[in-house]
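Within every chain, numbering begins at 1; the chains are lettered A, B, ... in the order of the sequence lines, protein sequences first and strands thereafter.
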Amino acid sequence: MAFKGQIVIDTERCKGCAVCLAACPMQVIELSKNVNGKGYNYTEVVNDKCIGCASCAMVCPDGVISVYKKQC
Amino acid sequence: MANTDIEQRKQELLNQGYTEVYTKTKVLTDAVLHYCPGCGHGTTHRLVAEVIDEMGIQDKTVGVSPVGCSVMAYNYFDVDFQEAAHGRAPALATAIKRLNPDCFVFTYQGDGDLAAIGTAETIHACNRGENITMIFVNNGIYGMTGGQMAPTTLVGMKSATTPYGRNVALNGYPLRITELLATLPGTYYVTRQSVQTPAAVRKAKAAIRKAFENQKLQKGVSFVEIVSNCNSGWKMTPVAANKWMEENMFPNYPIGDIKVDGKIAEGIDANRLVLSHPLTVVNK
Ligand SMILES: Cc1ncc(C[n+]2csc(CCOP(=O)(O)OP(=O)(O)O)c2C)c(N)n1
Ligand code: SF4
Ligand code: SF4
Ligand code: SF4
Ligand SMILES: [Mg+2]
């Protein structure tokens, strides 16, 4: 059963620590060149390979990421 | 993204037939954590809050925060909280639990708080077998005050007060207080976990869940150490700090259960508890 995932990032709360990048098995996330209101390079989704595994959300210290998935 | 945009986006996904796999628990407030980027305190807060949420005990949980970086934990948990004087959280938690035996009471403490200034309160609460949960975040340093040596600082590890690395002749040995507490009759569950990978997070959460569930049994202290990072104190990026932690902290602070259901866990050599587990010397 394959899943298609989507993540929603609360970019204003992201601190750009990159811990989620290291945890993602599909290299879906990167740090933006832009910064948020606090001056952090926030995370953004760079491809559509997300499988909704929630690994990124598991390790995010700031609870920034919400994860969704559906069967495909 | 503004808050309303985020909620809108989530609703859109639900409308498109997606189901929600994960979102921040409501047991955490919306306050932005003051911790440094990538700090394990944030992840540990999340797991404790998720356990409280999943057990449905938000209205009967009381937390006790320490002095240290997590001093303002009460801002982040939407449960009743008290702030203890430095190291005294187990004493305060003792009083709260004895006066409110139906409440779930937990302390949340760093290594400076729990294993230095609060050693007496820690040991005696554990030895009395108070029916509480203790969450112990060991990052091997005094994070809040600028990275001074803690009892848990590794041999050879540089800190603000050991600029040439911790030297046993001068500074003594790292204190494995968790092993020590496991030898006390008043501890019922003693485990050491970490939160740097998805797999570690799942295990740590299961341990925290067990530590809270155990309060129903009234059999003594359930103690969860989280070996954590202090990127700022260690002067590393968060990702590098996690790797350094795996390579240097874990050999000295082995991950896994030490005591389960009142008995020393399988595979734990009794010598590890009473004799010195071989220490490694680190170079940072
Ligand atoms: C009575 C008293 N002594 C000393 C201090 C200074 N102080 C504040 S936090 C801290 C140590 C915190 O280290 P730890 O418990 O490891 O927490 P971390 O910040 O690393 O999470 C110390 C010594 C204080 N606030 N009160
Ligand atoms: S782990 Fe969280 S705070 Fe860190 S970069 Fe990823 S989304 Fe941002
Ligand atoms: S849910 Fe999994 S695949 Fe999707 S971004 Fe997060 S870690 Fe990557
Ligand atoms: S100083 Fe260390 S322990 Fe404190 S918030 Fe920063 S990284 Fe975390
Ligand atoms: Mg500390």
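Only the side chain of B:Val201 comes within less than 4.5 Å of a heavy atom of chain A; its backbone N, CA, C and O stay farther away. Neither the backbone nor the side chain of A:Tyr42 comes within contact range of chain B; no heavy atoms are under 4.5 Å apart. With a 4.5 Å cut-off on non-hydrogen atoms, B:Glu50 does not touch chain A at all. Of the atoms belonging to A:Cys53, it is backbone heavy atoms, and not side-chain ones, that fall under 4.5 Å from chain B. Contacts between B:Ala241 and chain A at a heavy-atom distance below 4.5 Å are absent for every atom of the residue. For a residue to count as touching a neighbouring chain, one of its non-hydrogen atoms must lie under 4.5 Å from one of that chain's; by this rule B:Thr19 touches chain A with backbone and side chain alike. In this structure, the portion of A:Ile65 lying under 4.5 Å from any heavy atom of chain B is its backbone and not its side chain. Contacts between A:Ala57 and chain B at a heavy-atom distance below 4.5 Å involve backbone atoms as well as side-chain atoms.
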Start with the C-alpha distance between B:Asn3 and A:Asp10, add both sets of side-chain angles, then the distance that settles side-chain contact (heavy atoms from CB on, under 4.5 Å), and finish with yes or no.
CA-CA 8 Å; B:Asn3 268 347; A:Asp10 190 345; 4.2 Å; yes
Does the pair B:Leu14 and A:Tyr68 meet the rule for a side-chain contact (heavy atoms from CB on, under 4.5 Å), with working shown?
CA-CA 8 Å; B:Leu14 294 175; A:Tyr68 294 80; 3.9 Å; yes
Are A:Lys38 and B:Val32 close enough, and set up right, to give a side-chain contact (heavy atoms from CB on, under 4.5 Å), and what steps lead you there?
CA-CA 11 Å; A:Lys38 286 251 165 82; B:Val32 175; 4.0 Å; yes
Criterion side-chain contact (heavy atoms from CB on, under 4.5 Å) on A:Lys15 and B:Leu33, from CA distance to verdict
CA-CA 10 Å; A:Lys15 293 178 183 162; B:Leu33 302 176; 3.9 Å; yes
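To the nearest 0.5 Å, the span separating CG on A:Asp62 from OH on B:Tyr35 amounts to 10.5 Å. Taking OG1 of B:Thr197 as the reference point, atom CE of A:Met58 lies at 11.5 Å (rounded to 0.5 Å). To the nearest 0.5 angstrom, A:Ser66 atom OG is 8.0 Å from B:Ile6 atom CD1.
Listed here is the closest heavy atom pair of B:Tyr18 and A:Gly5: CE2-C, 4.3 Å. Shortest non-hydrogen contact noted between A:Cys17 and B:Gly38 is CB-N, 3.3 Å.
Around atom CD of A:Glu30, no more than 12 heavy atoms belonging to other residues, nucleotides or ligands sit under 6.0 Å away. Counting heavy-atom neighbours within 6.0 Å of A:Lys4 NZ, excluding the residue itself, gives a total above 12. Heavy atoms of other residues, nucleotides or ligands lying less than 6.0 angstrom from NZ of B:Lys60 number 12 at most. Around the NZ atom of A:Lys70, the shell of radius 6.0 Å holds more than 12 heavy atoms that belong to other residues, nucleotides or ligands.
Considering B:Arg9, B:Gln16, B:Lys10 in turn, B:Arg9 is the only one that fulfils the side-chain hydrogen bond (donor to acceptor under 3.5 Å, both in side chains) rule with A:Gln6.
When each of B:Thr25, B:Asp30, B:Thr237 is scored by its heavy-atom pairs under 4.5 Å with chain A, the top score falls to B:Asp30.
Side-chain N or O atoms of B:Arg46 include one that pairs as donor or acceptor with a backbone N or O of A:Cys60 at under 3.5 Å.
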